[in-house]
Amino acid sequence: MVTADILDKEVKFLPGVGPKRAALLEKELGIKTFRDLLYTFPFRYADKTRIYTVREITPSAAYIQLRGKIVRSAVVGERRGKRLTAILNDGTGSIEIVFFQGIKWIQDKIIVGNEYIVFGKPVLFNGRWSMAHPEISTVSEAVTSRPFGSVMIGVYPGSEKLRSGGITAKTFSRLVMVLLERHLDDIRESLPETVIRENRLCQIRTALKNIHFPSDMHSLSAARYRLKFEELFYLQLSLLKQKNARMKGSRGAVFNRVGYAFNFCYRKLPFPLTNAQKTAIREMREDMRSGKQMNRLLQGDVGSGKTLVALFIALIAVGNGYQACLMVPTEVLAVQHFNSISRQCAGSGVKIALLTGNTKAAARKEIDAGLRDGSIDILIGTHALIEDNVVFKRLGLAVIDEQHRFGVAQRAKLRFKSEIMPHILVMTATPIPRTLAMTFYGDLDVSVLNELPPGRKPVTTIHATESGRGKVYRFLKSEIGKGRQAFIVYPLIKESETLDYRNLEEGYRTIVEEFPPPEYVTAVVHGKQTPENKAYDMALFAEGRANILVATSVIEVGVDVPNASVMLIESAERFGLSQLHQLRGRVGRGPEQSYCILMTGHRLSADAARRIEIMCSTNDGFELAEEDLKMRGPGDIEGTRQSGLAVELRISSLSKDSDILLHARKAAARVLESDPMLESPGNALLQTQLEKLRDTGKGYMDYSKIS
Ligand code: ADP
Ligand code: MG
């Protein structure tokens with residue numbers, strides 16, 4: 001019989017809480033149990049390690065403690081302006097302390113001539129130091145009110161509703177203290193001893209006590225480390241275990257041979273594959289003949305040749321009598337892939353079809369029939385191809401290009417496309433930092449294309465503003481004069497779509513004026529065109545008949561026109577880093593020197609300026625991704641929640657704690673090495689903790705059900 005875990009107890013049973021405050025805590029902070037309370041950590045600490053003097057105060061002083069005599073005290077003003085002011089003198093100088101609320105209580109407390117300790121933030125007001133609403137205590141109070149001897153005081157999340165319901169930051173801290181004083185010894189260790197020892201972590205009791213009431217910086221950082229480690233450890237443990245479960249249970253179509261089509265197309269290639277491409281294909285080939293279902297992520301910088309890898313993998317499926325599908329995020333891209341893959345497969349006998357939201361009913365009917373009777377080998381398309389009414393005869397492989405546009409749920413739909421779960425290859429458009437890859441795709445195997453096809457010259461990136469526009473246009477003309485082509489891209493952001501389209505139209509007019517026909521031909525592509533017009537203009541540019549392509553960011557992903565050597569991005573400050581990098585990746589695909597010109601306004605926010613600077617300083621997508629993550633910081637945590645992390649991150653950050661993450665992952669892997677499904681009695685604790693997280697975790701998604 002397992003005894004109940006004290007931390008599962010409802011918070012209303014804690015002395016000082018009761019039903020009313022419990023309801024408030026739940027509503028405002030989501031706190032239901034002792035655990036929730038204890039795992040609501042201070043978001044900063046007020047340092048009470050020392051007492052300052054008035055003379056030492058500088059304008060940049062944060063919250064500080066002062067100790068001195070109250071030399072005067074008075075209530076002044078009327079009604080709303082009513083306040084209590086007092087002067088505290090510590091021998092080096094004096095400071096005014098002011099209270100607008102609780103005047104009566106303070107009045108009773110303060111005795112002129114006595115010594116007090118105040119704690120607050122000094123500000124310069126009318127030429128003198130002043131502190132509004134400091135904590136004030138007598139000297140003896142100050143000493144006794146330090147729970148566990150702590151001198152760093154935690155500051156907790158609060159709200160107006162909490163305060164008016166009687167839960168101030170101070171009350172909150174007291175509740176935590178009561179809980180710890182009563183039950184600290186009942187709290188169970190939540191990590192196995194070996195993990196604690198091997199990673200030199202402190203015990204959970206120590207960690208919880210010190211995260212709330214640290215006695216110094218050292219104990220605080222040890223506590224933080226332990227709690228972050230634990231969080232990331234369980235996150236990785238759940239991902240890796242799911243991967244094990246998948247490996248164990250999954251059955252995949254067995255592709256024994258490479259097949260005729262593969263060999264035929266391979267021989268026809270106008271260039272050799274890069275070593276990275278060969279390795280990736282080999283890894284996938286191993287997966288697909290293992291009898292297990294493949295679940296692989298192909299990461300590679302823009303232009304590294306992911307599409308070709310996908311094609312050859314698809315040809316293996318075809319060579320083994322299966323169908324394959326390739327899903328891409330935009331229609332433009334689907335059409336492009338359809339065209340290039342059709343070309344590459346010409347003469348091989350492989351039948352390829354294109355299905356998008358715009359496919360006409362008659363063509364659609366034909367495709368449906370071809371998919372059902374198995375005469376279509378490879379289907380290329382947008383979201384349309386995972387709709388329920390698309391039925392394959394024998395789908396063996398699904399490739400998802402540019403994954404960031406496809407949610408986990410969409411991946412899940414593939415499951416129902418075939419009797420046996422098809423092999424899955426996910427390709428990311430944007431390199432993502434290792435730690436994120438490990439987390440978002442923690443249950444996938446990873447292949448990396450860490451090599452660009454030979455002969456590519458790094459793109460030169462230039463920042464320009466309006467005053468340099470004339471020069472930029474002259475530059476475009478000289479490039480076009482050499483037979484090259486240029487992209488000009490306008491931002492498109494949902495909120496201001498109408499305005500953006502107006503900008504695009506205006507831009508298009510300016511360009512046509514500046515680059516007049518018949519000398520220049522300008523094509524235009526955006527989301528509001530009919531599919532026919534879009535395809536027409538896209539082809540105009542792709543086939544080299546147009547010199548310039550004016551477009552919205554629909555061309556962001558995937559578009560491949562090797563002869564284009566200039567990418568001009570208008571209002572570049574409005575794009576995110578990964579988008580800018582994707583856009584830049586549209587050029588630099590041929591043997592010529594290519595340029596990316598970032599056009600911005602004169603005034604830039606600090607963030608935008610930094611993005612432009614990073615873009616101008618590196619071409620390396622992985623480096624960029626790291627920077628992006630650092631810059632976006634906490635924002636990405638929201639993202640992780642949406643993408644369904646198994647564990648809610650309360651204290652650790654995927655962007656800032658990558659070192660801890662790596663250690664935690666290693667530790668989790670070590671545990672699973674000898675016990676892949678956590679079945680041994682020795683790992684019962686881990687299994688229980690995982691189940692607990694699954695029950696309480698917000699937005700929990702069971703990956704094992706998906707892939
Ligand atoms: P991405 O990885 O960004 O999807 P693509 O698959 O669009 O890259 O490939 C970019 C370009 O590189 C295409 O024009 C493609 O034909 C070309 N390419 C791919 N592999 C090679 C190779 N091994 N050698 C030369 N060019 C290649
Ligand atoms: Mg691509």
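Both counts, for ligands and for their atoms, begin at 1 and track the order of listing.
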* **Separation of L568 CG from I597 CD1 (nearest 0.5 Å)** => 5.5 Å
* How does D560 reach ligand 1, by side chain, by backbone, by both or by neither, if only non-hydrogen atoms under 4.0 Å count? -> side chain
* Exam field: side chain E479 to backbone L476, donor-acceptor pair closer than 3.5 Å -> no
* Which ligand 1 atoms, with their elements, are less than 4.0 angstrom from a heavy-atom of T274? -> 23 (N)
* Asked: Which ligand 1 atoms does L273 reach within 4.0 Å, using its non-hydrogen atoms?
  -> 23 (N)
* N/O to N/O below 3.5 Å, does that happen between R586 and ligand 1? -> no
* **Side-chain (K393) to main-chain (Q323) donor-acceptor, under 3.5 angstrom** => no
* Structure fact -> Within the 4.0 Å heavy-atom cut-off, what R589 brings close to ligand 1 is side chain
* Under 4.5 Å between any side-chain heavy atoms of R584 and L598, yes or no? -> no
* To do: Give a yes or no answer on whether the side chain of Q485 reaches the backbone of A546 with a donor-acceptor pair at less than 3.5 Å.
  => yes
* To do: Could you check which of G305, P453, G455, P454 puts a non-hydrogen atom nearest to atom 8 (O) of ligand 1?
  => G305
* Of the choices Q277, E451, H337, K306, which has the non-hydrogen atom that lies closest to atom 23 (N) of ligand 1? -> Q277
* Structure fact -> Note: R456, heavy atoms under 4.0 Å from ligand 1, region reported as side chain
* Taking only heavy atoms of T307, which atoms of ligand 1 are found under 4.0 Å from at least one of them? -> 4 (O), 5 (P), 6 (O), 7 (O)
* Between OG1 of T552 and CG of N503, what distance do you get to the nearest 0.5 Å? -> 12.0 Å
* Asked: At under 4.0 Å between heavy atoms, which part of P272 makes contact with ligand 1: side chain, backbone, both or neither?
  -> backbone
* To do: Say whether E283 and S447, considering side chains only, have a donor N or O and an acceptor N or O under 3.5 Å apart.
  => yes
* Asked: Is the backbone N or O of A324 less than 3.5 Å from a side-chain atom of D377, with the two atoms forming a donor-acceptor pair by type?
  -> no
* Structure fact -> Rounded to the nearest 0.5 Å, the CG atom of L449 sits from the CG atom of L298 at a distance of 4.5 Å
* Asked: What part of M427, side chain from CB on, backbone N/CA/C/O, both or neither, has a heavy atom under 4.0 Å from ligand 1?
  -> neither
* Is the closest heavy-atom distance from G300 to ligand 1 below 4.0 Å? -> no
* Asked: Relative to the heavy atoms of V302, which atoms of ligand 1 are at a distance of less than 4.0 Å?
  -> 3 (O)
